[in-house]
Structure formats: C-alpha cells, structure tokens
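Atoms within a ligand are numbered from 1 in the order they appear, just like the ligands themselves.
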Amino acid sequence: MRILLLTHSFNSLAQRLWCELGARGHTVSVEFDISDEVTHEAVALFQPDVVLAPFLKRAIPESIWSQYLCWVVHPGVEGDRGPSALDWAIQNGEPTWGVTVLQAQAEMDAGPVWASATFATRAVKKSSLYRNEVTEAAVQCVLNALERRQSGTFTPRQVSGQAHALMRQSDRAIDWATQTTAQILARIHAADGFPGVADALFGEPCHLFDAWPEAQLRGAPGTLLGRRATAVLRATADGAVWIGHVKRPESIKLPATLAFAQADALPELPLAPWWKAGHATWQDIAYSEADGVGLLDFEFYNGAMGTVQCQRLRQAFDFAASRATRVIVLRGGADFWSNGIHLNLIEAASSPADESWANIFAMDDLAEAILRCESHLTVAAMHAGAGAGGCFLARCADLVWLREGVMLNPHYKNMGNLFGSEFWTYLLPARVGPEGAQRIMQRRLPMTAAEAVHSGFYDECLPGAGFAESVLRRAGQLAESADLAERMAAKRAKRQSDEAAQPLAQYRAQELQQMQRNFYGFDASYHIARHHFVARSPHSWTPRHLAIHRDLGWNSPS
Ligand code: COA
C-alpha cells in the first residue's frame, strides 16, 4: 500500500513505523504537518491509500479526511479522547493504558476504531512509556489495522467516549509541603520531556524534568537538601526527590546544577564511586558485578553525554577493567543507550565550538579506552536506542546485543552535515563494507535493531521480553566459557594487526580534522542545526530524503 506518514516530526514512533511498514513492502513517504496547504500538496502528489498520523499536534483538515482514509494513532485506550492522554494516565496512576488507531473525522479522536491494544503501565517518565510500551502497542495496532483494511471485510467500530481537557500547569502543580514523593514523581514523570512542571528553585521560576526518588535522605518538606553531579535534592512530605534537569524562562533544558549557580552553595552528597547504591537514589553511573561479569549502567538524561560525563564514564570503565571479572557489559540507560555529544551543554557554553571540541575529545577518549581494552571481553547491551556517535560508541565493544524494537540512527549528517568521530571510519566499513558505510552515512535514515544485525553492523538481536535476564545469562556464559582465553588472544591479535594496518590515532586525527572544520570553519551549518535542535524549533519543510513524493518522477515505472 501507499502510506503517507503525516506527522509533526520524524520522532521515534514515526521512525519505527517508517521502518516496519517499509520492511513489509509498503511504499512509505513522510510529510511534516506544517500547513493545510502543504498537506494538500503531499496527498495530491502521493495519492496515498492511507494517511497515517503517528504524532500530530493539530487536527487533520476535513478536506483531507473526507477524501482519503486517515488514521490517527491516539496514545489512549478505546474511548479516551482529547489531548494530554498519556499525561493524565501517568498522573492519575492508571495501572493499564493503551493505544488506539482511529479514523479521523470532525470530532477529535472520536472516529471509528480500526485497532486498539493495552499494556501495563510503569511508574516512569512519559517519554519512557512512549518510547517503549506506547510504541510497541502502536506498531501492533497499525499492522492490525492494515491487515483489516487489506482484508476488505472489516468495518471499524464506533466507540463512545469522553473527551478530557488539555492538561494545564495548574493541574500539574506541586505542593512540596503536603505531597509525597510518589505523588510528586508522578507529576514530573507525566510532564517529561514536554512541557515539564512549572515550579521554582532558589525562589526563581523554572520547569522541572528528570525526577528520581531518594530513599534515605530527608529534611523539612520543600527545602533543598544538597546536590550530586548535575542534580539537586528536594525534600517532600515523606522523603525527597532528585531533580536532574530544569528549563528556566527564555533558556533551554539544562542540568539543574548548571542552570542555577546557587546550587554551588548546596552540600555535595556523593556516592562511593562507582558501586551501585543499595537503595533508591539518583546515580548516573553505577557499577555492579554478577557471575564474573562487570555491569556498567550509565543513565544520562536523553542519552546526551557531555565532556565531564564522558570523562567520568571513562574512569568508571577503567575501574571496571581493573576488576577480576572477565566480561564487561555496557548497559547504557533505560531510555537511550547514548545519543553522542551533549548538544544542550554545547549550546549553553560561552564558546559552543570549544565545548564541541572538548566534548568530542572526551568521547573519543572513552571510545578508545573501550577499543583498547585487553583485559576483558566487552559487550554493549542495548536495551534502548542510540543516535549518531552513540551508535559507534556501542560498536567499540567486542559484541553488540540489542533488544528487538530498538531504533538506531548511525549517522551524523542530520546535525548540520557533521562529519562525526568516535572511530566510525574504522568501525563501520569493517562491518558493512565501504559502500554500505557510505550508504548508511549519506541516506541518514533510521534503522531497526533487526536491520542493524542483518547488515552486519551489530551482532545479535534478542527478544524484548526478558532482555536484561538474557544479557546476564549470556554474559555469564561468556565469562565461564572454555574458549575465553582463545577469544581474548584473538581479540588482541586482531587489534594488533588493525593497528599495524592503520593506527587508531590516525583514524582519530583524520576524523577530528573534519570535525574541526564543522566546529570552527566558515560553514556554520552545524551550529545552526544544533541551535534549532535544542530549541525544538518547528520544522518549516520536510527533508527531501523522507518526502519521496516530492522527488521528480518518483512514481514512474523504472
Ligand atoms: N544532546 C542533547 N540532547 C539530546 C541529544 C544530544 N545529543 N540527543 C537527543 N537529545 C534530546 C532531544 O533534544 C529531546 O529533548 P526533549 O527532552 O527536550 O524532548 C530528547 O533528547 C529526545 O530526542 P528526540 O529527538 O525527541 O528523540 P527521538 O527518539 O525522536 O530521536 C535521535 C532520537 C537520536 C534520532 C535524535 O534525538 C537525534 O538526532 N539526536 C541528536 C544526535 C546527534 O546528532 N548527536 C550529536 C553528534 S554525536
């Protein structure tokens, strides 16, 4: 079928649908929902069988839905209608929630239902629920709906329901004196990563994001108790909550301790490096061991890794490599494995070019430490997706295992034609061949876990259910395997012969020479693209590589 994805942006769900539908032989094109006029032009050019709207911020115009079959992916159970669907579900503590694919018509989310699915919710950030449960359910629903459409016998059902209102900041407000940790967490989770909860820190207004529970420390409700790395700790009625990120008026989202200089005066509340704390708290880097395996978790907000985070992670990796274990598993964070250098910190720096340079150096140092590790077999276990440099950082490990359904963007050019580093010029062609590498870099398209393994870039795709357990089991088996010494010898020999062919230092220098042009050269594309990315500027056009209906002669028989 010919499917037009009409979407506010090419977000993770739109990317996943694009991949899944394309893999099933459908012809998929994308148009961003910029204006009715642009949408009319797109449908006229593409003549879609279905207009599929995975992520819209406004209604589809009647002139479109009255002429074309239009499906809206609504992140709510059957009968749920209106905006802020997930926000209400999380804030109200719904134990189960769902996704519905509805046919668009005059009243928002009130059209006939083509498919629906439910899932058990978790007490996590909205963005996390969206990237995991909602996305899986949405893919399932869209595939079911397409099957039903193709069967020609299915009649979508009209379902009665009640529309809820847009959640306002007054609905989200926190009362630190009376609300418990669980209540406050639910509020901040329901508003993460947009719009955040309007509140104040140090007496100044800001929106709160990235909250974590604290099980041991407490104080007078509402007071700030201390800081740890990038987060501040605030007491609730029955405990305390860590606030990792804030957005101050007229600013971008930043780590709380950077956004407020006043945080310097708070007492530092350190944890012993790098061992995982035995109680609930905020810990961005946590090391633990099981069955001869070292496990390194790094929970960086949005997968963004700033200069200091890369340096600290490198220290933690060195620590892991100093232990008497045999395998190190790099597990990343719950929502992203890594998205490369920290574009918000770079944007906020007094010299974004200097900060970009420092960040990529620290990232390359980390990548090099993993590549040069001779004491352990290393595994990147990707429970969550990765983008740009994060994809190549994972490939520095000897083995990469991914959870089925994870989305990857192993390219850099979408960020103002960035060349990229993290040794990609060494790692990618070796796995997919020089032409394959060029294709991946030039096409700038997302890839599913299955595609990444099929192309040879990564090693194995594991089922979503029980992913963490199978990683532990497999890593334990590797650590105990009779041929581990042989494997390690082969690994060292391979590194030596690769080094003789072309030293890592040379790959790094060549990549950084290009990056220096991106950061300091006269072409400011990277700085402009980064600015729009961190400011979340609305799109004014759809990238041509996504809008295939805009290619001349796209539809003519070849
Ligand atoms: N630095 C800072 N913030 C980042 C980031 C980075 N490298 N990568 C992602 N983010 C943030 C986004 O700004 C967004 O912030 P929000 O909480 O305000 O919404 C959040 O992470 C989620 O990103 P989003 O783009 O909405 O997620 P997605 O799943 O749709 O797309 C990517 C994932 C990786 C494709 C996309 O985020 C991306 O292209 N990131 C930039 C990668 C990059 O160029 N890195 C630098 C070169 S190494």
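- Atom CZ of R168 has 12 or fewer heavy atoms from other residues, nucleotides or ligands within 6.0 Å.
- Close N/O approach between N339 and ligand 1 is found [any backbone or side-chain N/O within under 3.5 Å].
- Protein non-hydrogen atoms do reach within 4.0 Å of atom 2 (C) of ligand 1.
- With hydrogens and angles left out, the side-chain atoms of H164 and D80 include a donor and acceptor closer than 3.5 Å.
- From the protein, the heavy atom lying nearest to atom 31 (O) of ligand 1 is Q15 NE2, 4.2 Å.
- On a distance-only criterion, R536 and ligand 1 share at least one N/O pair closer than 3.5 Å.
- Taking the six-membered ring where the residue is Trp, W424 and F392 present tilted rings, their angle falling between 30° and 60°.
- Side chains of T425 and Q510: no donor on one and acceptor on the other come within 3.5 Å.
- Between F300 and W337, a ring centre-to-centre spacing not shorter than 6.0 Å is recorded.
- Polar contact check, H342 against ligand 1: no nitrogen or oxygen pair lies under 3.5 Å apart.
- Distance from atom 30 (O) of ligand 1 to its nearest protein heavy atom, with residue and atom name: S12 N, 3.0 Å.
- Of the options L393, I360, I341, the smallest heavy-atom separation from atom 6 (C) of ligand 1 is shown by I341.
- In this structure, a donor-acceptor pair under 3.5 Å is present between the side chains of S29 and H549.
- Residue-ligand proximity, G387 to ligand 1, at heavy-atom distances under 4.0 Å covers atoms 34 (C).
- Taking a cut-off of under 4.0 Å to the non-hydrogen atoms of N409, the atoms of ligand 1 that pass are 35 (C).
- Atoms of ligand 1 found under 4.0 Å from any heavy atom of M415, numbered from 1 in the order shown, are 41 (C), 44 (O).
- Side chain to side chain, Y130 and N11 meet the donor-acceptor criterion of an N or O pair below 3.5 Å.
- Of all protein heavy atoms, the one lying nearest to atom 15 (O) of ligand 1 is N302 ND2, 3.3 Å.
- Tested against D199 for a salt bridge (charged side-chain N to carboxylate O under 4.0 Å, His left out), the candidates R234, R187, R172 yield a single pass: R234.
- Note: no N/O pair closer than 3.5 Å links F10 and ligand 1 by distance alone.
- Enclosure of atom CZ in R443 is not indicated, since only 12 or fewer non-hydrogen atoms of other residues, nucleotides or ligands lie within 6.0 angstrom.
- With hydrogens and angles left out, the side-chain atoms of D498 and Y507 include no donor and acceptor closer than 3.5 Å.
- Here is the list of ligand 1 atoms found below 4.0 Å of a heavy atom in A388: 42 (C), 43 (C), 44 (O), 45 (N), 47 (C), 48 (S).
- Of the candidates M515, R131, K125, R131 brings a heavy atom nearest to atom 22 (C) of ligand 1.
- In this structure, atom 33 (C) of ligand 1 lies nearest to the protein heavy atom F336 CE2, 4.2 Å.
- For L418, every heavy-atom contact with ligand 1 shorter than 4.0 Å involves the side chain, none the backbone.
- At a 4.0 Å cut-off, at least one heavy atom of F533 sits close enough to ligand 1 to count as contact.
- In this model, no donor atom of one side chain and acceptor atom of the other lie less than 3.5 Å apart for W212 and T281.
- Nearest heavy-atom pair, M447 versus I440, reported as atom, atom and distance to 0.1 Å: CE-CD1, 3.7 Å.
- The G340 neighbourhood of ligand 1 comprises atoms 48 (S), with distances under 4.0 Å to a heavy atom of that residue.
- Against a heavy-atom cut-off of under 4.0 Å, G389 is close to the following atoms of ligand 1: 48 (S).
- Numbered from 1 in the order shown, with element, the atoms of ligand 1 that lie under 4.0 Å from a heavy atom of K253 read 16 (P), 17 (O), 18 (O).
- Ligand 1 places these atoms under 4.0 Å from at least one heavy atom of N11: 30 (O).
- Centroid-to-centroid, the aromatic rings of Y526 and F519 come within less than 6.0 Å.
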